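Keep in mind that this is a model prediction, so the values were computed, not measured.
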Amino acid sequence: MNSSAGSSINRAAVLGLSLWVGVLVLLSHWMGQQAHHWLPVQASNAAPLVDGLFSFETAIGTFVFGGVLSVVGWVLLFNRAEKYDATDAVPIEGNTRLEVIWTAIPFVLVMAIAAYAMQVSHRLGLVGPMEHIHAHSPIEMQGGYAGDRLPSEQIEVIARQWSWEFRYPGSNVSTTELHLPIDQPVTFRLTSDDVLHGFYIPAFRLKQDVIPGRAIDFNLTPTREGRYRLRDSQFSGTWFAANQADVVVESREAYDAWLKQAAAQPLQPGLSLAVQEYAERQQRNTSGWATVPPAPPPQVNVPGSSDLPHDA
Amino acid sequence: MTIATFPPEPPPPPSWTRYLGFSTDAKVIGIQYIVTAFFFFLIGGLLAMVIRGELITPAADLVDRSVYNGIYTMHGTIMLFLFIFPVLNGLNNLLIPTMIGAPDMAFPRLNTAAFWLVPVFGTLLIASFFVPGGPATAGWWSYPPVSIQNPLGHLINGESMWILAVALSGISSIMGAVNFVTTILRMRAPGMGFFRMPVFCWTALAAQSLQLIGLPALTGGAVMLLMDLSFGTSFYRPEGGGDPVLYQHFFWFYSHPAVYVIILPVFGIFSELFPVYSRKPLFGYVYVAVASFIIVGLGLIVWVHHFFSSGVPQWMRDLFMATTMLIAVPTGVKVFAWLGTLWGGKLRLTTPMLFCIGGLVNFVFAGITGVMLATVPIDIHVSNTYFVVGHFHYVIYGAAVMGIFAAVYHWFPKFTGRMPYEGLGKLHCLLTFVGANLNFLPMHPLGLMGMPRRVSSYDPEFAFWNVIASLGAFLLGVSIIPFLLNMLSSWIRGPRATHNPWDAIGLEWLLPSPPPEDNFGEEVPTVISRPYGYGSGEPLVEHQAEIERRLQLQEAAA
């Protein structure tokens, strides 16, 4: 009698638990899909890889978090002491088998995530600057670049307090608005004139600190036409927040036309919101705290704009 | 048997003015630490209100950009070095001697000196608001070269005062750590082997060992930074052949473990409180205790994950990703142990228990975003964005500060002799939990969208989540009011506490509330079983019934 009642309760418990796990799995899957919407548009070939990994981890994370919340919710609902019950619960001190299980499963899980992430990061070819690799990038070794699509021209990026300057040495053009051709691998040489900066284009999912005293080679391939923001991501002083520039990804033809037109323009001051605000601050004589003055705006062929609507 | 005279007639209560002087009593010093810490918590919180006030609109319109940078720098510095470390050292002072049955800390005068350095460097740091040029504005990491730019060129400036304050804080913490480690290793009650020690003491031992290993790196790094700033050396100056990334290694070699120095004692608090309010033993005590030291070992080899994007080679990125992910395993062991403790218990949802449950939920969320951040390709996208700020505040406010509030409510009766009010406590808990989640959850979508941290202005597409975050922050600001009301009024005229109001097991609950100056004095009981014997009916110490009966008689007479 007792044993049959016990087994039917167990059967109900197993059934209920399986159902609940099923609900959690569905919810986790759904959250994994939602995760894509929390990120900006994908505008480089790195973006789908990063987003895929993030979606995967969101799903796993939802399952873990949902599981913990379920236990907490359950005990809050069903394991509360009765109002005047001062007695203790059944003293369960531990369970070695459970300890082994909940050590082993997370271990395997995080190591699997790490292995997946290493694979993605090698495919991204996010080589550190200490390995100054030009022709032999890991992407190429894995056949990521076709022979005829090797980086054709290196773009110099010069970060300052507080402006971004982009130079196209092959075309003799400089600008404060970065233009890139679509579907074409680009190589940058990142340098800083003063402090640390961060070269960060969220739509590309890529970021590299710019370190004074070093020239860092950095590769990427834009895959979507549009206008995106480049944001300084490593705190660089007073006008750090204003140290942004636009990145325009366009067709090869439009890009070539832009370069040609730009080369014909005379040099003029580029964009620097910091210089503008600093001048206003000097006039107002406001009582802010001490700041280094902004570097003069770089002399460029095309200042570009940072007021146009951007896609991300 | 000497037990017959224990406890002695209590002497008249000492004057409250002892809290203002150089006391060597760990219980006085503990309260000095906690009260000082909460004073600076209010200042740091006020700065947070200014930050969120600025960020409620996209433009930099509330304060000047330089002022904003100074305020966020000082918010982080004050909250870490003047709130969270001191408040935890306060708990260490109160709990370690009473939990292990020691009369005081091993080096009482060193303890006094360690505490009194806190107001000294606190004053130094606050004074930096008033020097020409204003306080440090380079963030609490103080990365060179921006931190050594010194626009006015004065020898005494906000940044140099900041470095001195941080170095003094390091010295104070090392003095504290030497004391806590020695006390735990050498002064435990008879019969209290390591595996009969409460988990709070295990986590304190682990955390303070980390301080001893890690702090010299930060202090050395800070001294070199000061040399670069004030005396023209080139440790980190690229134009003189220095390397700015070197500083990042020194800084994070300590400052990542520092997060474990903060969270480990909070794990200890969870491990103490869940058994009391579930009326069950801690599930897998030995595993929980040992996991603390696995976290110490791993915590020392993860620091590079703070600058994956600053130019480290691929092998380093892979290695430090793997070590960082591994920390999830011992941490998971602890989380599962707490769930195992709750499971099938008889839960009493008191204020401390509610804070613990809220803190646990927030901590698990932070753990998940932590694994995401460890993943190099994701970290490349979200590092230095609001995603990190959100993750960090879930750990520090959502889990650590909630755990600290739980501890304050739980041990308040023991050390003040008064009961805190439950209604105000629960209101405080609710406001904290809702406020923290409203404040810090929106930071995750902001970071994913690409909003950098430390900005005084932002593009309009980020406005929606920032408004919600600011409203949450203001709610958190309000949540402090019931806390302060509760602490003040219950300390002054709250109902008197018995020696064990929560029916908890532990040496500290076998002392009167508040305990006499030398705790058990010469009559230290002999520990005969493991902690957390809820439901087993086994006594913790020899002659336990007699000790308790005498405490009850004494309370009845009072």
Q | Choice from B:Asp503, B:Thr375, B:Val63 maximising heavy atom contacts with chain A below 4.5 Å | A | B:Thr375

Q) So what's closer than 4.5 Å to chain B heavy atoms on A:Phe199: side chain, backbone, both or neither? A) neither

Q.
Given heavy-atom pairs under 4.5 angstrom as the criterion, report whether the side chain, backbone, both or neither of A:Phe240 touches chain B.
A. side chain

Q. Pick from B:Ala337, B:Gly537, B:Ser147, B:Gly344: which one has the most heavy-atom pairs with chain A under 4.5 Å?
A. B:Gly344

Q) Between B:Pro145, B:Pro445, B:Gly241, B:Gly70, which shows the greatest number of heavy-atom pairs under 4.5 Å with chain A? A) B:Pro145

Q | Segment of B:Phe462 engaging chain A (4.5 angstrom heavy-atom cut-off) | A | side chain

Q. Quick one: of A:Thr87, A:Val64, A:Leu69, who has the most non-hydrogen atom pairs under 4.5 Å with chain B?
A. A:Thr87

Q: Show your reasoning for whether ring pair (Phe, Tyr, Trp, His ring centres under 6.0 Å) applies to A:Trp102 and B:Phe283.
A: CA-CA 13 Å; A:Trp102 66 42; B:Phe283 195 95; 5.6 Å; yes

Q: Examine whether an atom of A:Ile92 lies under 4.5 Å from a heavy atom of chain B, and if so say whether it belongs to the side chain, the backbone or both; otherwise answer neither.
A: both

Q: Under 4.5 Å heavy-atom distance to chain B, tell me which part of A:Ser236 shows up: side chain, backbone, both or neither.
A: backbone

Q: Answer yes or no: is there an ion pair linking A:Arg227 with A:Asp246, defined by an N-O contact shorter than 4.0 Å?
A: yes

Q: Against chain B, label A:Glu82 side chain, backbone, both or neither, depending on which of its atoms sit under 4.5 Å from a heavy atom there.
A: neither

Q: Go through B:Ser383, B:Pro460, B:Gly139 and name the one with the most non-hydrogen pairs under 4.5 angstrom from chain A.
A: B:Ser383

Q. When you check the gap from the basic side-chain N to the acidic O, do B:Glu538 and B:Arg530 get nearer than 4.0 Å?
A. no

Q | Part of B:Leu282 within contact of chain A (heavy atom distance under 4.5 Å) | A | backbone

Q) Is it the backbone or the side chain of B:Ile368 that comes under 4.5 Å from a heavy atom of chain A, or both, or neither? A) side chain

(Q) Taking side chain as everything from C-beta outward and backbone as N, CA, C, O, which of these in B:Tyr287 sits under 4.5 Å from a heavy atom of chain A? Side chain, backbone, both or neither. (A) side chain

Q) Relative to chain B, which segment of A:Ile60 carries a heavy atom at a distance below 4.5 Å: side chain, backbone, both, or neither? A) neither

Q: Let me know if A:Thr62 has heavy atoms under 4.5 Å from chain B in its side chain, its backbone, both or neither.
A: neither

(Q) Heavy-atom cut-off 4.5 Å, strictly under: side chain, backbone, both or neither for B:Tyr72 against chain A? (A) side chain

Q) What's the spacing between B:Ser278 OG and B:Arg348 CZ if we round to 0.5 Å? A) 10.0 Å

Q | Atom group of A:Glu57 that falls short of 4.5 Å from chain B, counting heavy atoms | A | both

Q: Could you check which of B:Ile357, B:Leu326, B:Asn157, B:Thr324 has the highest count of heavy-atom pairs closer than 4.5 Å to chain A?
A: B:Leu326

Q: Taking only Lys NZ, Arg NE, NH1 and NH2, and the carboxylate oxygens of Asp or Glu, determine whether A:Arg160 and A:Asp194 approach each other closer than 4.0 Å.
A: no

Q. What's the spacing between A:Asp209 CG and A:Tyr200 OH if we round to 0.5 Å?
A. 12.5 Å

Q) Looking at A:Leu53, A:Leu109, A:Val71, A:Val120, which one has more heavy-atom pairs under 4.5 Å with chain B than the rest? A) A:Leu53

Q: Could you tell me which portion of B:Met321 (side chain, backbone, both or neither) has an atom closer than 4.5 angstrom to a non-hydrogen atom of chain A?
A: side chain

(Q) Between A:Ile211 and B:Val245, is there a side-chain heavy-atom distance shorter than 4.5 Å? (A) yes

Q: Mark yes or no: B:Arg454 above the aromatic ring of B:Trp141, with NZ or CZ under 6.0 Å from the six-membered ring centre and no more than 45 degrees from the axis.
A: yes

Q. What do the steps show when you test B:Phe320 against B:His305 for ring pair (Phe, Tyr, Trp, His ring centres under 6.0 Å), and what is the final call?
A. CA-CA 6 Å; B:Phe320 282 88; B:His305 71 214; 8.1 Å; no

(Q) Between B:Asp243 and A:Arg214 (salt bridge meaning N to carboxylate O under 4.0 Å), is one present in this structure? (A) yes

**Q.** Which portion of B:Asp64 sits near chain A, non-hydrogen atoms under 4.5 angstrom
**A.** side chain

Q | Which of A:Gly213, A:Pro212, A:Pro106 touches chain B most, by non-hydrogen pairs under 4.5 Å | A | A:Pro212

Q.
Please check if the number of heavy atoms outside A:Gln282 that lie under 6.0 Å from its CD is greater than 12.
A. yes

**Q.** Side chain / backbone / both / neither for A:Val292 at chain B, heavy atoms under 4.5 Å
**A.** both

Q: Could you look at A:Thr58 and say if it's the side chain, the backbone, both or neither that has a heavy atom under 4.5 Å from chain B?
A: both

Q. Looking at B:Trp465, B:Tyr394, B:Tyr386, which one forms a ring-ring contact (aromatic ring centres under 6.0 Å, His included) with B:His444?
A. B:Tyr394

**Q.** Close side-chain approach of A:Trp239 to B:Ser456, heavy-atom, < 4.5 Å
**A.** no

Q: Go through B:Asp318, B:Val286, B:Val333 and name the one with the most non-hydrogen pairs under 4.5 angstrom from chain A.
A: B:Asp318

**Q.** Residue pair B:Lys280, B:Leu342: steps toward the side-chain contact (heavy atoms from CB on, under 4.5 Å) verdict
**A.** CA-CA 8 Å; B:Lys280 270 183 69 196; B:Leu342 292 170; over 6 Å; no

(Q) If the threshold is 4.0 Å, N to carboxylate O, is there a salt bridge linking B:Asp459 and A:Arg231? (A) yes

**Q.** Nearest-0.5 Å distance, CE of residue A:Met111 to CD1 of residue A:Ile113
**A.** 9.0 Å

Q: Measure the spacing between OG1 of B:Thr341 and OH of B:Tyr285 and express it to the nearest 0.5 Å.
A: 13.0 Å

Q) Do you know which of A:Ala46, A:Pro91, A:Ala35, A:Pro202 has the most heavy-atom pairs with chain B at a distance under 4.5 angstrom? A) A:Pro91

(Q) Given heavy-atom pairs under 4.5 angstrom as the criterion, report whether the side chain, backbone, both or neither of B:Tyr143 touches chain A. (A) side chain

Q. Checking A:Asp51 against chain B: side chain, backbone, both or neither under 4.5 Å from a heavy atom?
A. neither

Q) Is it the backbone or the side chain of A:Ala203 that comes under 4.5 Å from a heavy atom of chain B, or both, or neither? A) neither

Q. What part of A:Asp85 gets closer than 4.5 Å to chain B, counting heavy atoms only: side chain, backbone, both or neither?
A. both

